[in-house]
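All chains are named by letter (A, B, ...) in the order of the sequence lines, taking the proteins before the strands, and each is independently numbered beginning at 1.
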Amino acid sequence: MIDVRLLRSDLDAVRASLARRGDADLDSLVDTMISLDAKLREITAERDAVRAKVNELSKQVGMLRRDGDAAGAEALQAESRALGETENTLAADHDTMSAKLREVLLVVPNLPHPDSPDGTSDADNPVISGPFLPAGGIDGFAEHQRVPHWEIGTDLGILDSERATKIAASMFTMQRGAGATLARALCQYALDANADAFEEVRPPTLVSTATLTSTGQLPKFADDAYAIERDDLWCIPTAEVPLTSMYAGEVLAQADLPARFMAYSPCYRREAGSAGRDTRGMLRAHEFDKVEILALATPDQAAELLTEMVGRVERLISSLGLHHRVIEICTGDMGQSHHRSFDVEVYAPGCEQWLEVSSVSWFSDYQARRADIRYRPLDADGKPVKGTALVHTLNGSALAVPRVWAAILETNRQPDGTIAVPKVLHPYMRGITVIGG
RNA sequence: GGAACGGUGGCAGAGCGGACAAAUGCAGCCGCCUUGAAAGCGGCCGGCCCACAAGGCCCGGGGGUUCGAAUCCCUCCCGUUCCGCCA
C-alpha cells in the first residue's frame, strides 16, 4: 500500500500520480482516505490523553497503597475506573476507524514511476527493445512454422490436453515424453542461468491469507486464486508470493541488500476473468511451471536492479532462439502493485500472436509496507542512521514454461514436422536434440 | 492428532501484578588510551504512531480480569521434545 503520510504532505502529487492510471474512481478513494485518516488521528489523540490520565492515576494508587492510605486509593480507583470506560469506547472507535482506513489502503494501487509512459491500455505500451524478427518481419516465417503448437504437440504425442481435462478440468494441460522433458529442461536452464547472482529457494506453494495479502493479490483479486478453505490456505499464483514474504516482519541489515532469490514453482490461477480467452493449447492454463527471480533492495539500488533483471530475462529468451521484443507497461495497463514494469514478449508464428512470457516489475515500497519488510539504513560513511526504512521489492518471471514451450514448438518446427530442440537445452534433454521423426 | 515445556530487544537471557521499555552478557555506535589495532575504561544503544515536543502503543496474535498486566485467566498461532501416523 501507499504511505498515508504522503496524503498529508503531498496530496496534489498523489492525486496527479494516481490520475495517470486513468481510473476515475481513485480520486474519491483518496478523499475517503483523507477523511478517515483525519478522524483516526483525532481519535488517537483523544484516546492517548485518556490513557495517560489512567496511567497517572494508577501510579498514584500504587503509591497511596504503599503509604497505607486505603481511602485515598479507593477514591482514585473509582475515578480511574470511570475513565477506563471512556477509554474503552475511544479504543473501539479507533480500531474501527483504523480497520476502515486499512480496507481502503489495501485496494488503492501503487503510484507509477515518473518515467513510466502514460497511456490508457496495452495499445499504448512502447516497444523498448526489438522487435527481433526474421527478415520480412512477422510475414518472414516459413510455411512449416505456421502451425499452432496445439496441433504440433498433439500430432507428436507430446501434448495431451484431452486427458489433462479428463483428469482435472478444462484449461489444465499435460505434456508427455519429450514434451514433458522439454518443460522441465526449460526450468532447469532458467535456474542455472541465474544461479550466478540469485539464491535458489524451494518455497511452500500453499500460503496463508496474510502472505497473499502482502503481495497485493488479496483482498481485491480473491476470485483469481484457488483457496483451500478448510485449512485457510491459498495456492500461489506465482513464486513471487512466498519469496516476497520470506522476510515479512523482519529488519534486514543494509549490507544484506540487495538480497536476490530465485525459485521454480508451479503456479495456480483460476483465470476467473478470462473465460473463453486463449482456451486452446498452452497459452492460458490453471496450473503452470515458472522460474521466478526476485530482489529486496534499498530504494537507491532498485532502478539499476530493474534494468539488470529485464536484461537477464531478455538474454535468456534470446538464447533460446526465440523472436522477441521488450515493451514497457504504460500507466493505464500497469498492475495494482506495480511502480514500473516491463514485459518480454515472444512471437509465436503458429498462433500468430505476441505472447507475454515474462513481466519484470519494481514495486517500490508498496509490497514491503504490506509485508513489513525493513532494513537499517546506513549513511554515506557507512554509519547507522536512526530508525528503519522499508525495502523496495522487484521481481520477474525468468521463464514461464507454457508459452515458451509453445513458441519453441512453432518457431523450431522443421519442414519435416520435427522440432529442433534449442541448443542451450541439449544438456537437459537426455540426448534428445530433435523431437519427433 | 495427543502430551509436556516454551515464545521477552540484532542475538543470548533475567523478570512472573505496582516507578519495567524491561537486569545482565554479546554485537553495534561515540570518546579516552595507543604509532595503529586489540584489550581496558567512560558514555550511548529496540521499534512504532505523532511535529524531531508532550503523550501513547508494542514483551508471539487476539480477548479477558484489575485502579494498574511482560507478569494472572481464556483462546489461537508458532517452536522444541515425546507419542501416534506416515512420503
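rU8(B) and rU71(B): their P atoms are spaced 14 Å apart (whole Å). Of the C1' atoms belonging to rG62(B) and rC57(B), the separation is 16 Å, rounded to the nearest Å. Comparing rG2(B) with rG9(B), their C1' atoms are spaced 35 Å from each other, to the whole Å. To the nearest whole angstrom, the two P atoms, one in rG6(B) and one in rG60(B), are 14 Å apart. Taking atom C1' on both rC11(B) and rC59(B), the two are 16 Å apart, rounded to the nearest angstrom. Nucleotides rC33(B) and rC41(B) have their C1' atoms positioned 8 Å apart, rounded to a whole Å. Look at the P atom in both rG7(B) and rA70(B): the space between them is 15 Å, to the nearest Å. A gap of 31 Å separates the C1' atoms of rA4(B) and rG10(B), to the nearest Å.
Pair check for rG36(B) finds none; no Watson-Crick or G-U wobble contact set falls under 3.5 Å. Under the Watson-Crick and G-U wobble criteria, each requiring two contacts below 3.5 Å, nucleotide rC5(B) is paired to rG79(B). The nucleotide rG42(B) finds its pairing partner in rC30(B), both defining distances of the Watson-Crick or G-U wobble pair being shorter than 3.5 Å. Remark: rA12(B) base-pairs with rU24(B). Criterion, Watson-Crick or G-U wobble with two distances under 3.5 Å.
With hydrogens and angles left out, the side-chain atoms of R20(A) and T331(A) include no donor and acceptor closer than 3.5 Å. Side-chain contact check for N125(A) and D343(A): no donor-acceptor pair (N or O, by modelled atom type) lies under 3.5 Å. No side-chain donor from either of S265(A) and K290(A) sits under 3.5 Å from a side-chain acceptor of the other. Using modelled atom types, one finds a donor on one side chain and an acceptor on the other under 3.5 Å when comparing D124(A) with T120(A). Under 3.5 Å, the side chains of T211(A) and S208(A) contain a donor-acceptor pair of N or O atoms. Of the N and O atoms on the side chains of T209(A) and W234(A), at least one donor lies less than 3.5 Å from an acceptor on the other residue. Side-chain atoms of T393(A) and Q367(A) include a donor-acceptor pair closer than 3.5 Å. Side-chain contact, S58(A) with E56(A): no donor N or O sits under 3.5 Å from an acceptor N or O.
Across E200(A), E308(A), E292(A), E199(A), a single residue satisfies salt bridge (Lys or Arg N to Asp or Glu O under 4.0 Å) together with R260(A), and that is E308(A).
For residues 203-218 of chain A, proximity to RNA chain B is found at no residue, defined as any non-hydrogen atom under 4.0 angstrom from a strand atom. Applying a 4.0 Å cut-off to non-hydrogen atoms, the residues of residues 3-11 of chain A that approach RNA chain B are R5(A), R8(A), listed by residue number. Near RNA chain B, meaning a heavy atom under 4.0 Å from it, residues 71-82 of chain A has Q77(A), S80(A), R81(A) in order of number.
Applying the ring-ring contact (aromatic ring centres under 6.0 Å, His included) test to pairs two or more places apart or on separate chains, those with a residue in residues 158-194 of chain A are F172(A)-H286(A). For the side-chain hydrogen bond (donor to acceptor under 3.5 Å, both in side chains) condition, no pair includes a residue of residues 243-258 of chain A, sequence neighbours left out.
Nucleotides of RNA chain B with any atom under 4.0 Å from a heavy atom of chain A span, from 5' to 3', rG10(B) to rG68(B).
Nearest-nucleotide positions on RNA chain B place R65(A) closer to the 5' end than the other of R65(A) and T44(A).
Taking the six-membered ring where tryptophan is involved, the planes of Y268(A) and Y226(A) are perpendicular, since the angle between them exceeds 60° and thus also 30°.
Looking only at distances, a side-chain donor or acceptor of R403(A) sits under 3.5 Å from a matching main-chain atom of E356(A).
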Quiz prompt | Pair W362(A)-H113(A), ring pair (Phe, Tyr, Trp, His ring centres under 6.0 Å): steps then yes or no | solution = CA-CA 9 Å; W362(A) 174 10; H113(A) 189 280; 5.1 Å; yes
